[in-house]
**Q** 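First the structure, which I've put down as structure tokens, then a few questions once you've had a look.
Throughout, protein chains are lettered first and strands after them, A, B, ... in sequence-line order, and every chain is numbered starting at 1.
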Protein chains: 2
Amino acid sequence: MTNIQPSLKPASGLSERAPSPDAADAESSLAGQSLHGEVLCRLRDYIIEGHLKDGARVPERELCDLFGVSRTPLREALKVLASEGFVELLPNRGARVKGLDANELRELFDVMGGFESLAGRLACENISADEINEIEQIHYEMYGYYLRRELDGYFRCNQAIHRRIVEIAGNKILTATYFSFGNRIRRVRYIANLDQHHDRWSEAMREHEAILDALRRKAGRELSDILFNHLRNKRYAVFEHLGFSNSAE
Amino acid sequence: MTNIQPSLKPASGLSERAPSPDAADAESSLAGQSLHGEVLCRLRDYIIEGHLKDGARVPERELCDLFGVSRTPLREALKVLASEGFVELLPNRGARVKGLDANELRELFDVMGGFESLAGRLACENISADEINEIEQIHYEMYGYYLRRELDGYFRCNQAIHRRIVEIAGNKILTATYFSFGNRIRRVRYIANLDQHHDRWSEAMREHEAILDALRRKAGRELSDILFNHLRNKRYAVFEHLGFSNSAE
DNA sequence: ACGGCAAAAAATGAATGCAATATTGCCGTC
DNA sequence: GACGGCAATATTGCATTCATTTTTTGCCGT
């Protein structure tokens, strides 16, 4: 994977990777090649973007018309989406969109924390000087946004750092799984209209300092720990924001 | 006409394997309820148990005959198996069994290490006195097998401890994902006829002492670390055993 | 004997058809 | 007006069918 050239352009470096985290590699094989792969991606996005409400039944016929395919590839896609956790298959009663209750959301955050934790550990084993530089770059760009209170740019950099750490971990299976699970959280953001909140901003910024520091020192065990707790704290903040209880139920 | 014979007895090579740690909850919804769910489970087991060789094409027609279903549910199952990583879908060229090369196996071990690491951390947050007792029990039973050099019993207890830790973590999504990924490694065991080896036995036993100790003290961070390295060491041992290189390639 | 080409065969991918099941709308009764 | 039963309708799950594409086979020429 080409690592981005060390062109010292903090501001522009990110804008290019801006758009959408997009697809894990997991379904690159399915993606554009076949009808069902196409339908899978489109239907997944359709659900992630919240066009179907939690618990709503998935109208096969309508979606067939919408996508211009017959029921066969659509139903194949539904089976896959069920295994990914986006829908639930009820015997003889079709598919329903699977929303996340507070408990599942909490679980999902912890699992993501586990992935990031692992990624941090592995990244410390593999990271090159150039890559440390790259992360630093993004970090300082993010710091700039932080100082200027530009939430949007801050958020993009934040995402980029976490994504790069996972990529640098150099474990394709991890990467694919990470992004796949990330999609399920992404949907919550759409649904709950969960724009990033300012609470905890300075705290998160401090945590990122620690992340960068641990990366520089290649302190895998430590970074692993920091990243898990970073996600935990994010979970706490999100739950606070949503008015959920933070204790197990 | 109406076939509908829920029994689905091919009477042929499919073992009536009862045990199997079985099932993540992930497909409890798919499992016995529908034809495609049934086929999914059976085909997955069929592949895990090595009835199809790495890279072999998956013969739709034959399997349809074997399972006594039409191509539709079988193909639906194939799509899911592809998303789980057991097969690869080649456009217009059907499905091929996806074997793991050394690199992917290494990645998979690390991901499992990540899951166990996370599980240990969470388990320390949740574990009750009774559950500690239970783990201790298994641990000492395992120690007995160790002293008597009974590899089989030792191995069963070993598995049980790791499984219990994951369950005690109390994160259903983690549990489901853990077992799902475990299946892919399970296949390697079948294929490579990877009986447990004696190497590293005493070392592994010592590590398990540390695991139990950390659990007792509810030292999550520590246990997290121990478990990751435990898996790493296991990976090293397995790779040694298989004659693979242990360094990244 | 060997390699290349064309036709046949088989496989795949997707659409359609059909029986079984769920859902809806309607009506009568309380 | 609310409720329960019943027919009409829609939906689901799977089998079957159809159009392509791939693979194999058979043939010919060199």
Side-chain angles (χ1 to χ4, degrees), chain A residues 27-44 46-47 51-53 55-83 86-98, chain B residues 1-10 27-44 46-47 51-53 55-83 86-98:
Chain A
E27 52 259 353
S28 60
S29 58
L30 307 170
Q33 328 243 12
S34 55
L35 221 23
H36 84 261
E38 179 74 24
V39 170
L40 174 60
C41 293
R42 294 226 283 157
L43 184 50
R44 182 167 35 219
Y46 194 77
I47 292 175
H51 293 104
L52 295 170
K53 291 185 188 141
R57 68 188 297 157
V58 180
E60 291 189 4
R61 200 16 89 68
E62 265 179 56
L63 292 172
C64 286
D65 292 347
L66 176 60
F67 295 140
V69 301
S70 78
R71 285 178 56 221
T72 306
L74 188 109
R75 300 185 95 257
E76 289 171 348
L78 278 176
K79 303 297 178 293
V80 175
L81 290 177
S83 92
F86 285 106
V87 301
E88 243 172 345
L89 262 31
L90 288 76
N92 286 320
R93 305 179 68 221
R96 301 200 115 84
V97 177
K98 172 106 176 44
Chain B
M1 261 12 72
T2 62
N3 50 4
I4 302 302
Q5 201 157 310
S7 64
L8 256 187
K9 275 253 206 122
E27 51 258 354
S28 60
S29 59
L30 307 170
Q33 327 244 13
S34 55
L35 222 26
H36 81 262
E38 180 74 23
V39 170
L40 173 60
C41 294
R42 299 227 290 157
L43 183 50
R44 182 169 34 220
Y46 194 77
I47 292 176
H51 294 104
L52 295 171
K53 290 185 187 139
R57 70 188 295 155
V58 181
E60 290 189 6
R61 198 107 240 301
E62 266 178 53
L63 293 172
C64 287
D65 292 347
L66 176 62
F67 294 143
V69 300
S70 80
R71 284 178 57 224
T72 307
L74 187 108
R75 300 185 91 253
E76 289 171 348
L78 278 175
K79 302 297 178 294
V80 175
L81 289 176
S83 92
F86 285 104
V87 302
E88 244 173 346
L89 263 31
L90 287 75
N92 285 320
R93 306 179 78 220
R96 304 203 111 91
V97 178
K98 172 106 176 47

**Q** Do A/Ser70 side-chain and C/dA14 base share a donor-acceptor contact under 3.5 Å?
**A** no

**Q** Examine C/dG13: is either OP1 or OP2 under 4.0 Å from a nitrogen or oxygen in the side chain of A/His36? Give yes or no.
**A** no

**Q** Give the ring-plane orientation class for A/Tyr46 versus A/Phe67, where under 30° counts as parallel, over 60° as perpendicular and anything between as tilted.
**A** perpendicular

**Q** Taking the side chain as C-beta and beyond, is there a heavy-atom pair between B/Arg75 and B/His36 under 4.5 Å?
**A** no

**Q** Check whether any side-chain heavy atom of B/Val97 sits under 4.5 Å from a side-chain heavy atom of B/Lys53, and report yes or no.
**A** no

**Q** Measure from the side chain of B/Arg93, starting at C-beta and using heavy atoms only, and say which of C/dA14, D/dC14, D/dT23 lies closest.
**A** D/dT23

**Q** Under 4.0 angstrom, heavy atoms only, what part of the nucleic acid is B/Leu74 near: base, sugar-phosphate, or nothing?
**A** nothing

**Q** Let's see if you can work this out: which of C/dA15, C/dA22, C/dA14 has an atom nearest to the side-chain heavy atoms of A/Asn92?
**A** C/dA22

**Q** Return the nucleotide paired to D/dC6: Watson-Crick means purine N1 to pyrimidine N3 with N6-O4 or O6-N4, wobble means G-U with N1-O2 and O6-N3, both under 3.5 Å.
**A** C/dG25

**Q** Looking at A/Arg75, does any N or O in its side chain come under 4.0 Å of the phosphate oxygens OP1/OP2 on D/dT12?
**A** no

**Q** Using whole Å, what does the distance between atom P of nucleotide C/dA14 and atom CG of A/Leu40 come to?
**A** 12 Å

**Q** For nucleotides 9-11 of chain C, list the nitrogen or oxygen atoms of the protein found under 3.5 Å from its nitrogen or oxygen atoms, one pair per line.
**A**
none

